[in-house]
2 protein chains.
Amino acid sequence: MVKDRRSPRPRLTDVAERAGVSMKTVSNVVGGYAPVSDRTREKVLAAIAETGYRPNLSARNLARGRSGTILLAVPRLELPYFASLAGHIVTAAATRGWTVLLHQTDGTAEGERAVLEEEPSQRLDGMIVSTQHLRAVEVHRTDAVPLVLLGDLEPHGAIAHVGIDNWAAGRAAAVHLAGVGCRRVAMIGAGIGTTRRDRTAGVAAGLREAGLPVLPELLRPIAANTGEEGERVVTEMLAELRAAGAPPPDGVFAVTDWVAMGALRALHRSGLAVPADVAVIGFDDIPYATSSLPTLSTIAADRACIADHAVALLEEQQGSAMDSPARTAQRFAPFALVPRESTARP
Amino acid sequence: MVKDRRSPRPRLTDVAERAGVSMKTVSNVVGGYAPVSDRTREKVLAAIAETGYRPNLSARNLARGRSGTILLAVPRLELPYFASLAGHIVTAAATRGWTVLLHQTDGTAEGERAVLEEEPSQRLDGMIVSTQHLRAVEVHRTDAVPLVLLGDLEPHGAIAHVGIDNWAAGRAAAVHLAGVGCRRVAMIGAGIGTTRRDRTAGVAAGLREAGLPVLPELLRPIAANTGEEGERVVTEMLAELRAAGAPPPDGVFAVTDWVAMGALRALHRSGLAVPADVAVIGFDDIPYATSSLPTLSTIAADRACIADHAVALLEEQQGSAMDSPARTAQRFAPFALVPRESTARP
DNA sequence: CTGAAAGCGCTTACAG
DNA sequence: CTGAAAGCGCTTACAG
């Protein structure tokens with residue numbers, strides 16, 4: 001199809017003229033705003049095809065009084081879990097005519113606070129914010145912009161929130177470790193002990209359920225969920241246990257696959273074999289979980305489902321009163337435990 | 001600051017009224033379109049601060065005849081290299097008032113072709129497309145939408161392109177491997193042997209320069225740049241060499257860190273120690289390169305620089321004729337070789 | 001350096 | 001189910 005570069009883009013008027021109907025009717029067909037007779041619809045669709053018309057979203061948004069963009073804040077896009085989530089959110093948002101403005105909080109409490117409290121540089125139809133540090137009770141709504149929180153939050157009912165049931169996922173991981181024979185399970189990760197219903201709390205519950213102890217010396221909070229930190233803390237833990245004459249753990253739960261990769265390094269350097277001596281399970285199912293040595297057992301959240309829920313909740317909040325149920329809804333997405341080499345025992 | 005939720009958002013008119021000037025003047029201050037006297041500017045800025053005014057981008061874009069959005073196509077957002085690049089591009093685009101529409105090609109030739117040839121669903125001020133399969137000569141411009149290609153392209157001068165000098169980077173990797181004593185270097189990766197100035201061609205040149213042979217049996221193209229493929233192909237190569245009574249390589253160049261991680265697995269399973277028996281170097285410097293066993297030496301591209309160049313080229317192409325130099329400019333960003341454990345020898 | 005006014009391309013009461 | 005017209009909030013010649 002050859003196009004004349006100098007001819008201006010076709011507008012709604014051009015389509016209307018060609019189809020012999022009013023702009024309003026074309027608008028109704030394109031936007032699905034009101035029912036149109038089949039005959040008219042066909043004429044309009046033909047005219048759209050002939051002219052190659054595509055709507056001008058700026059004009060549409062201006063007329064409808066919305067910005068057409070939502071903001072998505074994640075710790076770092078470089079982390080595959082969040083990148084993947086972002087991809088799904090972009091897709092879900094596009095379905096509703098939204099463009100996603102990406103924002104990175106750098107995974108710090110200040111970064112999270114900033115995006116929630118500072119004035120955005122442009123108008124937004126809504127915000128999806130993935131928090132790691134900020135507790136939901138600390139989030140104060142500064143205005144009426146629709147907001148959905150993602151992540152590991154305590155259910156408190158004041159702000160819309162979507163995530164997986166981290167507690168249940170942690171519990172499943174613990175049951176899996178117990179099932180492959182672990183008796184001394186260590187937990188490594190940021191946020192350990194801070195919330196009541198998070199993944200590490202679930203692990204503890206799962207261990208108790210399996211009749212295993214939750215040993216304080218094996219609970220290791222870390223400063224950041226990175227591989228380096230995971231390696232450092234596990235190395236430290238092994239040294240302390242050795243010094244105390246205590247045996248090493250025979251199972252490790254890491255809050256994140258990246259942390260688990262660091263744990264793998266630390267265990268290897270201490271001469272412990274995975275999974276023979278120590279079984280290791282991570283969380284997130286990043287692409288690299290299948291390329292580590294050994295491959296990593298992990299918990300995989302249904303990220304597409306999380307994305308759909310989040311964007312849907314934003315849509316339900318559009319124009320709704322501050323006390324609408326969509327403002328405070330809590331939605332859960334499913335997860336799956338993916339067993340791989342790091343917990344494979346005969 | 002308490003805000004009345006029911007009061008409508010302040011507009012340019014409101015600011016103008018408050019400052020006692022015309023809309024045009026406020027517009028000039030906000031957009032920097034024309035010089036304004038210091039005294040007037042101050043009055044306007046004060047009024048903006050008092051009203052909490054923020055521009056409506058839909059209205060601005062409509063008036064200026066642009067869409068305010070550019071499209072960025074990457075193979076998969078889950079790959080940290082591209083996620084990081086996307087983050088930088090979002091930042092660079094925001095500086096120029098652009099919102100980035102994210103698109104994933106899935107890393108396939110069809111996906112790349114589709115985004116370049118199909119009609120976008122909305123109007124775009126430009127496109128940045130990261131290609132892996134499509135050769136630049138195959139890219140046919142279907143319309144006047146500004147376009148910048150990213151990736152490993154042959155310089156041909158017909159379409160704007162930004163990337164690092166992959167050939168030089170490959171050469172640097174080869175020189176590094178030679179420097180740590182490698183004599184039999186294998187190359188693993190998709191696209192091997194397809195282009196003349198790409199990273200693997202650079203590796204070959206670097207090896208020759210160091211007086212080392214480029215051994216055909218050590219050149220291994222793979223179907224996709226993934227860890228699984230890297231592991232499969234290296235395993236296969238080692239088996240073939242063994243069967244032929246040939247020694248294994250003592251150095252491996254992988255086109256991607258992820259492929260290198262797969263190579264690490266294959267080497268380990270074949271009983272070869274890294275770096276003692278085989279030195280391994282990857283490409284991209286993904287965050288996990290510091291968490292693999294051993295940590296991965298790699299080539300790090302200056303992604304912020306790539307992003308800046310790409311967005312700047314798009315801006316230069318705005319409204320310019322099809323024969324403007326920005327339509328065909330080639331720009332290079334710097335890179336660095338990052339030595340880690342996988343090539344560390346005493 | 002500043003003003004008054006037209007226009008960007010849509011949507012949406014309102015009237016039929 | 002369809003039309004004619006106002007309006008969304010900006011920018012930009014044009015005139016001063």
Side-chain angles (χ1 to χ4, degrees), chain A residues 7-45 47-48 51-69 96-97 99 121-125 318-319, chain B residues 7-45 47-48 51-69 96-97 99 121-125 318-319:
Chain A
S7 73
R9 285 262 167 79
R11 296 156 303 166
L12 214 47
T13 336
D14 304 320
V15 177
E17 193 179 337
R18 186 156 198 139
V21 299
S22 78
M23 267 176 67
K24 158 82 177 175
T25 303
V26 180
S27 178
N28 281 156
V29 172
V30 175
Y33 303 115
V36 177
S37 70
D38 284 353
R39 200 189 149 72
T40 310
R41 174 191 308 280
E42 267 173 38
K43 276 195 303 187
V44 171
L45 290 179
I48 287 175
T51 54
Y53 171 77
R54 275 166 297 152
N56 179 322
L57 295 187
S58 294
R60 171 180 293 177
N61 289 327
L62 176 60
R64 289 172 56 166
R66 41 175 262 176
S67 68
T69 111
R96 294 159 172 89
T99 271
S121 63
Q122 66 174 256
R123 297 178 187 187
L124 265 13
D125 290 339
Q318 294 307 305
Chain B
S7 73
R9 284 263 167 78
R11 295 156 304 165
L12 215 46
T13 336
D14 304 319
V15 177
E17 193 179 334
R18 185 157 199 138
V21 300
S22 76
M23 268 177 66
K24 158 84 175 172
T25 303
V26 180
S27 177
N28 282 155
V29 171
V30 175
Y33 304 116
V36 178
S37 70
D38 285 352
R39 201 190 147 71
T40 311
R41 173 190 310 280
E42 266 173 42
K43 276 195 301 187
V44 171
L45 290 177
I48 288 174
T51 54
Y53 170 77
R54 275 166 296 152
N56 178 321
L57 295 188
S58 294
R60 172 182 291 176
N61 290 326
L62 176 60
R64 289 170 58 164
R66 42 174 262 173
S67 68
T69 111
R96 293 158 174 90
T99 271
S121 63
Q122 67 174 256
R123 297 179 186 186
L124 265 13
D125 290 338
Q318 295 306 305

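Since this is a predicted model, take the numbers as computed values, not measurements. In what follows, chains are A, B, ... by sequence order, proteins preceding strands, each numbered from 1.
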Atom CG in A:Leu45, atom NZ in A:Lys43: separation rounded to 0.5 Å?
12.0 Å
Could you work out the separation of C:dT12 and C:dG16 based on their C1' atoms and round it to a whole Å?
16 Å
In whole Å, I'd like the distance from the CZ atom of A:Arg66 to the P atom of C:dG9.
20 Å
Atom of A:Leu62, atom of B:Ala59 and distance for their closest heavy-atom approach:
CD1-CB, 3.7 Å
Go ahead and write out DNA chain D as dot-bracket, 5' to 3': ( ) for pairs within the strand, [ ] for ones crossing earlier pairs, | when the partner sits on another strand, dots for unpaired; Watson-Crick or G-U wobble, both distances under 3.5 Å.
|||.||||||||.|||
Counterpart residues, side chain to side chain contact (heavy atoms under 4.5 Å, CB included), relative to B:Arg11 (two or more places apart):
B:Thr13, B:Asp14
Using whole Å, report how far CG of B:Asp38 lies from P of C:dC1.
9 Å
Looking at C:dG9, C:dT12, D:dC10, which one has an atom nearest to any side-chain atom of A:Arg64?
C:dT12
B:Arg64 side, atom CZ; B:Asp125 side, atom CG - distance, nearest 0.5 Å:
9.5 Å
Under 4.0 Å, counting only non-hydrogen atoms across every strand here, what does A:Ser58 touch: a base, just sugar-phosphate, or nothing?
nothing
Pick base, sugar-phosphate or nothing for A:Thr13, based on heavy-atom distances below 4.0 Å to the nucleic acid.
nothing
Work out how far the P atom of D:dC14 is from that of D:dC10, and round it to whole angstrom.
24 Å
Taking the side chain as everything from C-beta on, heavy atoms only, tell me whether B:Val36 gets closer than 4.5 Å to B:Val44.
no
Rounded distance in Å - CG (B:Leu62) to P (C:dT11):
12 Å
Looking at every heavy atom in both B:Val30 and B:Pro55, which two are closest together, and how far apart are they?
CG1-CG, 4.4 Å
How many Å lie between CG on B:Leu12 and P on C:dA5, as a whole number?
17 Å
Working to the nearest 0.5 angstrom, can you tell me the gap between B:Asn56 CG and A:Ser58 OG?
9.0 Å
Can you check whether B:Arg123 reaches A:Leu57 side chain to side chain, under 4.5 Å on heavy atoms?
no
Which nucleotide sits closest to the side chain of A:Ala63: C:dC10, D:dG9, D:dC1?
C:dC10
Ordered by number, residues from residues 17-29 of chain B within less than 4.0 Å of DNA chain C (heavy atoms) are B:Val21, B:Ser22, B:Lys24, B:Thr25
Give a yes/no answer on whether the side chain of B:Thr40 brings an N or O atom under 4.0 Å of OP1 or OP2 in C:dC1.
no
So which atom in B:Arg66 and which in B:Arg96 form the shortest heavy-atom distance, rounded to 0.1 Å?
NH2-O, 3.6 Å
Can you tell which of C:dG9, C:dC1, D:dC10 lies closest to the side chain of B:Arg60?
D:dC10
Protein-nucleotide distance (B:Lys43, atom NZ; C:dC1, atom C1'), rounded to Å:
12 Å
Rounded distance (Å) that lies between atom C1' of C:dT12 and atom CG of A:Asn61
15 Å
Nucleotide C:dC10, atom C1' - distance to CZ of B:Arg123 in whole Å
10 Å
Inter-residue atom distance B:Leu124.CG - A:Arg54.CZ, 0.5 Å rounding:
8.0 Å
Rounded to whole Å, please give me the gap between CZ in A:Arg11 and P in C:dT11.
14 Å
